[in-house]
Amino acid sequence: MLIALPALNDNYIWVYGRENLPVIVIDPSESKQVIRYLNEQNLSLEAILLTHLHDDHVGGVAALKAHYPDVPVFGSTETANKGAEYIVNSGVFSTKHYNVQVLPSGGHTANHVSFLIDDHLFCGDTIFSGGCGRVFTGDYALMFESLQRLKALPDTTIICPAHEYTLSNLCFAEHIMTEKSAVQNHKVLVEQLRAEQKPSLPTSLGLEKQINPFLQVNDLQTFIQLRKAKDQF
Ligand SMILES: [Zn+2]
């Protein structure tokens, strides 16, 4: 099961689990809806994962730990004083039932990481549908490298970003891309989903390669120009 719990203005808290197994929660910006959902569905929580240190990704950790004191929290070095008890910056680690691959994804923050679990990529604020995270570090080369690393995963990878930014990203993509038909087709679907107050996510890497201009640039200079253009769009 894969569920996006809406949180704050436009965040999603992802809940992932294989059938009949405890679940993993990624980037809990809040706690109430997580506890409510796990109770309603009679699910137990196996682990909490943090992609980066921003409050809208870690804000619910303390309250979740108070409610589930034995559940381990994993995150990169930058989340150590945001509640991460086990520091994971790269490689593979295991929770009780899951193997989690950690992909370094710096750029939005210096030490951002993404988590790959059973073909599901939880990429925080690195890839969004139709876009990518802001480069708050100013290190565009690092962000470009991170996108290239994630882009090398199989096209079937299910992409689970932490924000509902799809429609505004697709408006920018439509504005900037010369071949617009894939973007325009997808935009119709996303408009429908959003009108029904459904998430536009998850997406897939294969789809993103068609609609996401940030996954189509192949050199750093073009990436920098594109990212700066989006900042001002
Ligand atoms: Zn962020």
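For ligands, and for the atoms within them, numbers begin at 1 and follow the listed sequence.
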Please find out if the Zn ion (ligand 1) and some N, O or S atom of His108 are separated by less than 2.8 Å. yes
For Gln216 and Lys209, indicate whether the former's side chain and the latter's backbone hold a donor-acceptor pair under 3.5 Å. yes
Taking the six-membered ring for Trp, are His120 and Tyr16 parallel (under 30°), tilted (30 to 60°) or perpendicular (over 60°)? tilted
Check whether the side chains of Ser114 and Ser105 place a donor and an acceptor atom closer than 3.5 Å, and report yes or no. yes
If I consider every N, O or S atom in Asp125, which one ends up closest to the Zn ion (ligand 1)? I only need its name. OD2
Report the name of the N/O/S atom of His54 located nearest to the Zn ion (ligand 1). ND1
Going by distance alone, is a donor N or O of one side chain under 3.5 Å from an acceptor N or O of the other, for Thr156 and Asp119? no
Name, closest N/O/S atom of His52 to the Zn ion (ligand 1): NE2
